[in-house]
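The structure appears below as structure tokens.
All values derive from a computational prediction rather than experimental measurement.
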Amino acid sequence: MEINVVQKVMKVNDELAEAVRKSLADAGVLALNIMSSPGSGKTTLIEKTLAALNHSIRVGVIEGDPETSLDAERIAKYDVPVTQIETAGGCHLEANLVQRALANFDLPNLDLLIIENVGNLVCPASFDLGEAAKVVMVSTTEGHDKPAKYPNMFRKADAIILNKVDLMPYVDFNFEKFRDYVHQLNPGAPLIDISCVTGEGLDAWLLWIEERLALESAQPVS
């Protein structure tokens, strides 16, 4: 019985995710689902991204958190549309939550929708939100073994970001082992090394977004 319930939940989620994906595709919006453990730097990355883009493209942000609107308040300072989803303790976003949040955006007037998922390296990987690409972020302070411990998250990633590379000399982090874990799990995903503090690697991240936007705009309208 429990298995049937789980299958039903996932089926409903997947159907809603397809509806979200169609809405975004019809409007020509690229949606990125950014996932990580708490404290890896997702919100700071979004802030740096918005600052660097400086309204050159039209960006909206969905902020997922178990409690508080603190991150959404940080993003709102960049004068972009932002919607907060509080999951009341839930450890991940689901497609129905994103679908409801879309009603707060003028989708035809967006190019890019960034979804900051709830900080967690387990459950967010199992729920399709209707995004075009999944981005997994991890930081050097978390250790180099995160891909080995949470392989499902890394297998499903379209891009993998390693943040806080400026701290690598000061923490127990073996980059070669980390890179090997990532390549074994997902050899096709680009590995982007950045520091949100120094700005190192942000150009590579912005270039990846630019390439994904070009790919999205080349897709035929359904």
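- No hydrogens or angles considered: a donor-acceptor pair under 3.5 Å links the side chains of Lys42 and Ser36.
- The line from CG of Leu215 to CG of Leu30 is 8.5 Å long, rounded to the nearest 0.5 Å.
- In terms of modelled atom types and a separation under 3.5 Å, the side chain of Asp145 and the main chain of Ala148 share no donor-acceptor contact.
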Side-chain atoms of residues 52-60: list all donor-acceptor pairs with protein atoms under 3.5 Å, sequence neighbours left out, distances to 0.1 Å.
from	atom 1	to	atom 2	distance (Å)
His55	NE2	Tyr78	O	3.3
Ser56	OG	Leu53	O	2.7
Arg58	NE	Asp111	OD2	3.1
Arg58	NH2	Asp111	OD1	2.9

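- Two residues are said to be in side-chain contact when any heavy atoms from C-beta on lie closer than 4.5 Å; Val136 and Phe154 meet this criterion.
- Residues Leu32 and Trp208 meet the side-chain proximity criterion, which asks for heavy atoms closer than 4.5 Å.
- The shortest distance between side-chain heavy atoms of Ile46 and Val61 falls below 4.5 Å.
- Distance CD/Glu176 to NE2/His144: 10.5 Å, rounded to 0.5 Å.
- No side-chain heavy atom of Glu86 sits less than 4.5 Å from a side-chain heavy atom of Pro66.
- A donor-acceptor contact shorter than 3.5 Å links the side chain of Gln84 to the backbone of Thr68.
- The environment of Lys146 atom NZ is dense: over 12 non-hydrogen atoms of other residues, nucleotides or ligands sit within 6.0 angstrom.
- The cluster map of Ile, Leu, Val, Met, Phe, Trp and Tyr, joined by side-chain heavy atoms under 4.5 Å apart, puts Ile75 and Leu110 in different clusters.
- A continuous path of hydrophobic side-chain contacts links Val138 to Phe173 [ILVMFWY only; heavy atoms under 4.5 Å].
- Leu129 is not listed as a side-chain neighbour of Ile62, based on a closest heavy-atom distance of 4.5 Å or more.
- With a 4.5 Å cut-off between side-chain heavy atoms of Ile, Leu, Val, Met, Phe, Trp and Tyr, the cluster of Leu70 takes in none.
- Between atom CG of residue Leu202 and atom CD1 of residue Ile161 there is a gap of 9.0 Å, rounded to the nearest 0.5 Å.
- Applying the side-chain contact (heavy atoms from CB on, under 4.5 Å) rule to Leu191 yields the partners Ile160, Leu162, Phe175, Phe178, Arg179, Asp193; only residues at least two apart in sequence or on another chain are considered.
- Between atom NZ of residue Lys156 and atom NZ of residue Lys134 there is a gap of 6.5 Å, rounded to the nearest 0.5 Å.
- Taken together through direct or relayed side-chain contacts under 4.5 Å among Ile, Leu, Val, Met, Phe, Trp and Tyr, Ile114 and Ile192 form part of one hydrophobic cluster.
- Applying the side-chain hydrogen bond (donor to acceptor under 3.5 Å, both in side chains) test to Asn104 and every residue at least two apart in sequence or in another chain returns Thr83.
- Considering every non-hydrogen atom in both Ala27 and Pro108, the closest pair reads CB-N, 4.1 Å.
- Asn152 places no side-chain N or O within 3.5 Å of a backbone atom of Ala125 that could act as its donor or acceptor partner.
- Counted by atom type alone, Ser40 and Asn163 present zero donor-acceptor pairs between their side chains at under 3.5 Å.
- The minimum heavy-atom distance between Ala157 and Asn186, with the atom names listed, is O-ND2, 2.8 Å.
- Salt bridge annotation for Lys11-Glu15: present, with a cationic side-chain nitrogen under 4.0 angstrom from a carboxylate oxygen.
- One N or O on the side chain of Ser195 and one on the backbone of Thr198 form a donor-acceptor pair closer than 3.5 Å.
- Looking at every heavy atom in both residues, Asp65 comes nearest to Val118 through N-CG2, 4.1 Å.
- From Ser69, atom OG reaches atom CD1 of Ile85 across 13.5 Å, with rounding to the nearest 0.5 Å.
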(request) Could you go through the side-chain contact (heavy atoms from CB on, under 4.5 Å) check for Lys48 and Leu50 one step at a time? (result) CA-CA 6 Å; Lys48 297 294 183 182; Leu50 295 174; over 6 Å; no

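- Between Thr140 and Tyr170 the shortest side-chain heavy-atom distance does not fall below 4.5 Å.
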(request) Please test Asp128 against Glu131 for side-chain contact (heavy atoms from CB on, under 4.5 Å), starting from the C-alpha separation and ending with a verdict. (result) CA-CA 7 Å; Asp128 184 1; Glu131 73 277 348; 3.7 Å; yes

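- At a threshold of 4.5 Å between side-chain heavy atoms, the hydrophobic network of Ile, Leu, Val, Met, Phe, Trp and Tyr places Ile115 and Leu24 in one connected group.
- In this structure, Asp106 places its CG atom where more than 12 heavy-atom neighbours from other residues, nucleotides or ligands lie under 6.0 Å away.
- Counting Ile, Leu, Val, Met, Phe, Trp and Tyr side chains that sit under 4.5 Å apart, directly or through other members, Val12 shares a hydrophobic cluster with Leu16.
- A side-chain donor from one of Ser37 and Glu142 sits under 3.5 Å from a side-chain acceptor of the other.
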Got a list of side-chain donor-acceptor pairs under 3.5 Å for residues 89-97, not counting sequence neighbours?
from	atom 1	to	atom 2	distance (Å)
His92	NE2	Glu94	OE2	2.9

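- Within the 3.5 Å criterion, the main-chain N or O of Ala19 finds a donor-acceptor partner in the side chain of Ser23.
- In this structure, the side chains of Leu102 and Leu107 come closer than 4.5 Å at one or more pairs of heavy atoms.
- When Glu63, Arg74, Lys77, Glu73 are each tested for a side-chain contact (heavy atoms from CB on, under 4.5 Å) with Val82, only one passes: Glu63.
- Here Glu116 contributes atom CD and Met137 contributes atom CE; the two are 9.5 Å apart, rounded to the nearest 0.5 Å.
- Residues Leu213 and Leu206 are members of one and the same hydrophobic cluster, defined by side-chain heavy-atom contacts under 4.5 angstrom among Ile, Leu, Val, Met, Phe, Trp and Tyr.
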